[in-house]
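A quick write-up on the structure given underneath.
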Amino acid sequence: MMAKMIAAKNLVKLLVLLQVAAGGGVAALSMDYYSMSCPFAEMMVRSVVYDALAKDPTLAGSLLRLHFHDCFVQGCDASVLIDSTDGNTAEKDAQANKSLRGFEVIDRIKEVLESQCPGVVSCADVLALAARDAVLLARGPYYGVPLGRRDGTRSVDSDTFTALPPPFFNTTSLIKLFGSHGFTVQDLVALSGGHTLGIAHCGNFKARLAETDTLDAALGSSLGATCAANGDDGAAPFDRTSTRFDTVYYRELQMRRGLLSSDQTLFESPETKGIVNMFAMNQAYFFYAFQQGMLKMGQLDLKEGDEGEIRHTCGVINS
């Protein structure tokens, strides 16, 4: 088993190197970026994530979502972690990010890292590693995370308005948005599979209740009752195994049990239906496609050199 894990990790490293060599990555990142300056960084991150998920398994989806919401707004620069000030409403307080969770886990990771390697590991790298470990600990695939991101110094709520996909997007809009970042249609469907973890709130899926032609009647009744009792704060899991990383999300779409309109549209549209069906019946292929999508996403619009900094506290820009 150990030999297989080592072989898998070496294969992932090789894929990263090949992508960088082909111009698909950023040469400034490397798999061993902290090997000399903070050699146990990844171990420290995984330890904190493990403890957090042991207490609250639902945080796996939250940590993955934090990384996604960071990278899609100005790139992977930890701007989603910056606190608002009297003169500025930051990304984390934008409407699209109101339900984000897991900030305390990232803060704890950063505290541990700063105690051992002060000023070395960026908050952006912490987000990338925490998302990977959340997926792994939820029984999902291991994938290599090239490191060396720097933290941004801008975080403004308005930057989220057109950067993040709203829950009502159809396939055409999703393909356009993801395509603007260099993602293929398969990347889109694979990354959407991150919704195999976590929950959504009624404010994001109540409009779905009117889509009776593509909504399982029993699920619609259950969701309607949840929202009637709790208003927009009511919540429901994306699928029936919402703390385990698997292909149930895609099988739910086949049964018209997708929670968000932007989920179910992937099965209803000819551009993406075949990929949904493929992932639903082949977990290994989904895991591979998800690994590739996360590798791409983790390298969006990176900050380099003077463009960024290494924040001492993830919620505050260095003074």
Side-chain angles (χ1 to χ4, degrees), residues 58 60-62 64-65 68-69 72 99 134-135 138-141 164-179 183-227 234-294 296-297:
T58 68
S62 301
L64 178 57
R65 190 169 176 234
F68 176 88
H69 279 235
F72 261 59
S99 60
V135 168
R139 304 185 190 181
L164 296 169
F168 56 79
F169 258 17
N170 61 22
T171 299
T172 300
S173 297
L174 289 170
I175 290 174
K176 182 178 180 181
L177 176 61
F178 277 70
F183 293 110
T184 66
V185 175
Q186 178 169 284
D187 293 332
L188 158 64
V189 181
L191 290 173
S192 296
H195 281 177
T196 190
L197 297 174
I199 63 171
H201 291 86
C202 285
N204 288 322
F205 64 74
K206 62 184 178 183
R208 172 96 171 97
L209 301 178
E211 300 170 5
T212 54
D213 56 334
T214 62
L215 177 61
D216 173 75
L219 178 63
S221 177
S222 173
L223 296 178
T226 295
C227 295
F238 280 109
D239 69 29
R240 286 172 280 189
T241 58
S242 62
T243 60
R244 180 168 179 168
F245 197 94
D246 53 28
T247 59
V248 172
Y249 166 80
Y250 297 108
R251 299 203 292 275
E252 298 275 56
L253 299 187
Q254 292 175 318
M255 294 183 288
R256 298 204 157 132
R257 294 177 60 86
L259 186 57
L260 304 180
S261 300
S262 57
D263 292 319
Q264 192 60 46
T265 188
L266 299 176
F267 181 72
E268 306 303 326
S269 302
E271 303 99 318
T272 49
K273 183 174 183 177
I275 304 173
V276 169
N277 290 335
M278 177 65 74
F279 289 161
M281 70 178 183
N282 190 331
Q283 178 168 284
Y285 187 60
F286 163 52
F287 279 12
Y288 171 78
F290 183 81
Q291 289 169 319
Q292 298 307 298
M294 291 299 290
K296 286 184 182 180
M297 191 184 79

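For reference, positions follow the sequence shown, starting with 1.
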Which salt bridge (charged side-chain N to carboxylate O under 4.0 Å, His left out) pairs, counting each pair once, include a residue from [range], with sequence neighbours left out?
range: residues 193-215; result: Lys206-Asp232, Arg208-Glu211
range: residues 184-197; result: Asp187-Lys296
range: residues 255-265; result: Asp216-Arg257, Glu252-Arg257, Arg256-Glu268

Mind checking the [atom1]-[atom2] spacing from [X] to [Y]? Nearest 0.5 Å is all I need.
X: Ser62; Y: Leu197; atom1: OG; atom2: CG; value: 9.5 Å
X: Leu188; Y: Phe183; atom1: CG; atom2: CZ; value: 9.5 Å
X: Gln186; Y: Tyr288; atom1: CD; atom2: OH; value: 8.5 Å
X: Phe168; Y: Leu260; atom1: CZ; atom2: CG; value: 11.5 Å
X: Phe68; Y: Met294; atom1: CZ; atom2: CE; value: 9.5 Å

**OP:** Show your reasoning for whether side-chain hydrogen bond (donor to acceptor under 3.5 Å, both in side chains) applies to Gln283 and Asp246.
**Re:** CA-CA 7 Å; Gln283 178 168 284; Asp246 53 28; over 6 Å; no
Side chains of [X] and [Y] in contact at under 4.5 Å (non-hydrogen atoms):
X: Cys227; Y: Phe205; answer: yes
X: Ile175; Y: Glu271; answer: yes
X: Ser242; Y: Thr58; answer: no
X: Val185; Y: Thr171; answer: no

How close do [X] and [Y] get, counting heavy atoms only, and between which atoms?
X: Ala138; Y: Ala60; value: CB-CB, 4.3 Å
X: Leu191; Y: Gly293; value: CD2-C, 3.7 Å
X: Cys202; Y: Ala235; value: SG-N, 4.5 Å
X: Leu174; Y: Pro165; value: CD2-CB, 3.8 Å

Original post:
Between Thr196 and Asp239, is any side-chain donor less than 3.5 angstrom from a side-chain acceptor?
Top reply: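 On atom types as modelled, these side chains qualify, holding a pair under 3.5 Å.
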Original post:
Got a sec, which residues hit side chain to side chain donor-acceptor pair (under 3.5 Å) with Thr212, two or more places apart in sequence or on another chain?
Top reply: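 None.
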Original post:
Which pairs with one or both residues in residues 243-263 pass ring pair (Phe, Tyr, Trp, His ring centres under 6.0 Å), sequence neighbours excluded?
Top reply: Phe245-Phe286, Phe245-Phe287, Phe245-Phe290, Tyr250-Phe279, Tyr250-Phe286
Original post:
Are any side-chain N or O atoms of Thr272 and backbone N or O atoms of Leu266, one a donor and one an acceptor, separated by less than 3.5 Å?
Top reply: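 Here the side-chain-to-backbone pair exists.
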**OP:** State whether the side chain of Gln264 and the backbone N or O of Leu253 hold a donor-acceptor pair below 3.5 Å, judged by distance alone.
**Re:**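 Confirmed, Gln264 side chain pairs with Leu253 backbone.
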**OP:** Evaluate side-chain contact (heavy atoms from CB on, under 4.5 Å) for Ser269 paired with Asn170, printing each intermediate quantity in order.
**Re:** CA-CA 9 Å; Ser269 302; Asn170 61 22; over 6 Å; no
Original post:
Under the side-chain contact (heavy atoms from CB on, under 4.5 Å) test, which residues partner Arg65, sequence neighbours left out?
Top reply: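 Partners of Arg65 under the side-chain contact (heavy atoms from CB on, under 4.5 Å) test: His69, Ser99, Leu100.
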